[in-house]
Number of protein chains: 2
Amino acid sequence: MEKKFQAIYDLLAKEIQTEKIKAGQLLPSENELTERFATSRETVRKALQLLSQNGYIQKLQGKGSVVLEQDKLPLPVSGLTSFKELSRSMSQKVETCVTSLSCKKARGFIQQVLQCEEGTPIWELHRLRKLDGESVIYDKDFLLKELAPGITEEIAADSIYDYLEQELGLSISYAKKEVVVEEAQAEDKAIMDLGSYQQLVVVRSAVYLEDTTLFQYTESKHRPDKFRFVDFARRTK
Amino acid sequence: MEKKFQAIYDLLAKEIQTEKIKAGQLLPSENELTERFATSRETVRKALQLLSQNGYIQKLQGKGSVVLEQDKLPLPVSGLTSFKELSRSMSQKVETCVTSLSCKKARGFIQQVLQCEEGTPIWELHRLRKLDGESVIYDKDFLLKELAPGITEEIAADSIYDYLEQELGLSISYAKKEVVVEEAQAEDKAIMDLGSYQQLVVVRSAVYLEDTTLFQYTESKHRPDKFRFVDFARRTK
DNA sequence: GAGTGGTCTAGACCACGAA
DNA sequence: TCGTGGTCTAGACCACTCA
């Protein structure tokens, strides 16, 4: 059974996305929504808080909740989104090529970033992402084998997150990310279509499960002209 | 009078920051906190939700709230943070130099991004940020003059946000951002210390007030080696 | 003054984890 | 079984906007 506030959120989000309620208009008041959904005001407010967080509305005390303008498919690199989910919203032709999938024992750098015992089995996965036939993104993933024993090249080419969440029932919960620009390494130049680009945008992320286990470490290198990051942020005072 | 849930948040955040409660430990249970702060459980939960959003804790059903590891001063380019607030957390010597402050009538590109009438008075502000004597960040701001009539070079060199919020009582509420990499223009090369760098990380942002007025548009160009972006993101399902 | 959102309360029942 | 967090309720009072 879906949670009530989630259902209200989904419905309102959909009405905004489909422009059944247009930007600039006010949502029905909290009291009206309370009646319409036969619930309590706090539950309505939970839904509205989600809408506000995700940039759908702005609440104005004494007035109501204004619907904000929706951006036309910004790549939500922000938040936690996998490549497959991303590519769905891209018009271009996208291809994923698994260049390497091997199992290693943790030591040195990898052991350190995954914060595990020396010798822990680790999947090391390299994937090349092609847009319109050009290799422009190079991902290296390191994951605890213990938690995802059955990874295959097919799964890796599709979506690891789908596999984890739907097949294994693991819940990805949060991530820490860092974005920097670095010189392309010899390996990058050999494997990617860099043209004259000498630098790459590198996104490093640590992915955690619900129980706070650090589960995956990823280094994603992007050719600068194919990198775009968009963000919606609220001021927290 | 400070809101109760905010006070509880502040106190707990401080205890985590100062490692009075260490990473990996559990927070007191919601019932305990309810008693300690002589409040209701929902109020405690509001505070905990904030802590969770900001990456301080992870809630585990049936167990409690685990304190997460704190990162040592990540530049929070994420969220909504002004340069002055940023520089406070940087060890390096930071200098801001106002290279231009003028008032224009909106038209063309500027009119479009600020979504205002043609001819609306606009402040155009150029600032150069120096780290250790090198000019590595170049900001161009466009703001509605109507809302911030009294801007001076002194204010611009200090913090515009402080002026807006403390002097004018305006409330900055949210922003949309985009990060891309672009070729350095002739102007950028002339005014910044770019060395052999040919490309710049460009952060474009639109800043909105509480009443959803689009108030400011900023283009911030960073020398790639001095750009770093960190982010904490929760998975939203 | 009427209607809006913002905060807070005191309770209820449920799902989950650990012992 | 007991303590934890997750959801939900029905009410209260306040601050704000607008007519």
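Since this is a predicted model, take the numbers as computed values, not measurements.
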Colleague: Quick one: is A:R45 getting a side-chain N or O under 4.0 Å of the C:dG6 phosphate, OP1 or OP2?
Modeller: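 So the side chain of A:R45 is within the cut-off, an N or O lying under 4.0 Å from OP1 or OP2 of C:dG6.
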
Colleague: Decide yes or no for B:F5 and B:T39: does some side-chain heavy atom of the first lie under 4.5 Å from some side-chain heavy atom of the second?
Modeller: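 No; the side chains remain at least 4.5 Å from each other.
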
Colleague: Can you tell me the distance, in whole Å, between the CG atom of B:L48 and the P atom of D:dG6?
Modeller: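 Nearest whole value for this atom pair: 9 Å.
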
Colleague: How close or far is atom P of D:dT4 from atom CD of B:E35, stated in whole angstroms?
Modeller: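 Roughly 10 Å, once rounded to whole Å.
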
Colleague: Let me know the distance between CZ of A:F37 and C1' of D:dA10, rounded to the nearest Å.
Modeller: 19 Å

Colleague: Within less than 4.0 Å of OP1 or OP2 of C:dG3, is there a side-chain N or O belonging to A:S29?
Modeller: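 No, A:S29 has no side-chain N/O under 4.0 Å of OP1/OP2 on C:dG3.
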
Colleague: Closest approach to the side chain of B:E30, judged atom by atom: which nucleotide of D:dG5, C:dG6, D:dC8 is it?
Modeller: D:dG5

Colleague: Rounded to the nearest Å, what distance is computed from the CG atom of residue A:L50 to the P atom of nucleotide D:dG6?
Modeller: 14 Å

Colleague: Are the side chains of B:I122 and B:L144 in touch, meaning some heavy atoms are under 4.5 Å apart?
Modeller: yes

Colleague: Using atom OH of A:Y9 as one end and atom P of D:dT7 as the other, report the distance to the nearest whole Å.
Modeller: 15 Å

Colleague: Judged by each residue's nearest nucleotide on DNA chain D, which is more toward the 5′ side, A:E42 or B:R41?
Modeller: B:R41

Colleague: Between B:T43 and C:dT9, is there a contact of a side-chain N or O with OP1 or OP2 at under 4.0 Å?
Modeller: yes

Colleague: Looking only at atom types and distance, does a side-chain atom of B:S52 sit under 3.5 Å from a main-chain N or O of B:L48, one as donor and one as acceptor?
Modeller: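 Not confirmed, B:S52 side chain does not pair with B:L48 backbone.
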
Colleague: Please give, in whole Å, the distance from C:dG6 P to A:L33 CG?
Modeller: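 Rounded to the whole Å, the gap is 13 Å.
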
Colleague: Quick one, B:I172 and B:Q216 - any side-chain contact, counting heavy atoms below 4.5 Å?
Modeller: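 B:I172 vs B:Q216: side chains apart.
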
Colleague: Do any N or O atoms from the side chain of B:N54 and from the backbone of B:Y56 form a donor-acceptor pair under 3.5 angstrom?
Modeller: no

Colleague: Quick one, which residues of residues 58-65 of chain A touch DNA chain D with a heavy atom under 4.0 Å?
Modeller: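 Only A:Q61, A:G62, A:K63 qualify.
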
Colleague: Counting only side-chain N and O atoms of A:T39, is one of them less than 4.0 Å from OP1 or OP2 of D:dT9?
Modeller: yes

Colleague: Can you check whether A:E30's main-chain N or O pairs, donor with acceptor, with A:R41's side chain at less than 3.5 Å?
Modeller: no

Colleague: The side chain of B:E32 lies closest to which of these nucleotides: C:dG6, D:dT4, D:dC8?
Modeller: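 From the listed options, D:dT4 comes nearest.
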
Colleague: Short of 4.0 Å, heavy atom to strand atom, which residues of residues 20-27 of chain B count as contacting DNA chain C?
Modeller: none

Colleague: Any sub-3.5 Å donor-acceptor pair from A:Q58's side-chain atoms to B:E210's backbone N or O?
Modeller: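 Checking the backbone N and O of B:E210 against the side chain of A:Q58, a donor-acceptor pair under 3.5 Å is found.
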
Colleague: Any side-chain heavy atom of A:Q49 sitting closer than 4.5 Å to one from A:Y9?
Modeller: no

Colleague: Would B:D211 and B:T213 count as a side-chain hydrogen bond (donor to acceptor under 3.5 Å, both in side chains) if you check the C-alpha gap in whole Å, the side-chain angles of each, and the deciding distance to 0.1 Å?
Modeller: CA-CA 6 Å; B:D211 63 359; B:T213 313; 2.5 Å; yes

Colleague: How long is the span from the OG atom in B:S205 to the CD atom in B:E219, to the nearest 0.5 Å?
Modeller: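 Going from OG on B:S205 over to CD on B:E219, the span is 9.5 Å.
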
Colleague: Would you mind reading off the distance between B:D211 atom CG and D:dT17 atom C1', rounded to a whole angstrom?
Modeller: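 After rounding, the gap between these two atoms is 13 Å.
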
Colleague: On the nucleotide D:dT9, are OP1 or OP2 found under 4.0 Å from the side-chain N or O atoms that A:K4 carries?
Modeller: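 Yes, A:K4 has a side-chain N/O under 4.0 Å of OP1/OP2 on D:dT9.
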
Colleague: Between D:dT9, C:dT4, D:dT7, which nucleotide gets closest to the side-chain atoms of A:N31?
Modeller: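 Taking heavy atoms from C-beta onward, the closest nucleotide is C:dT4.
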
Colleague: For A:E210 and C:dA15, what is the distance between atoms CD and P respectively, to the nearest whole Å?
Modeller: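 Whole-Å distance recorded here is 17 Å.
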
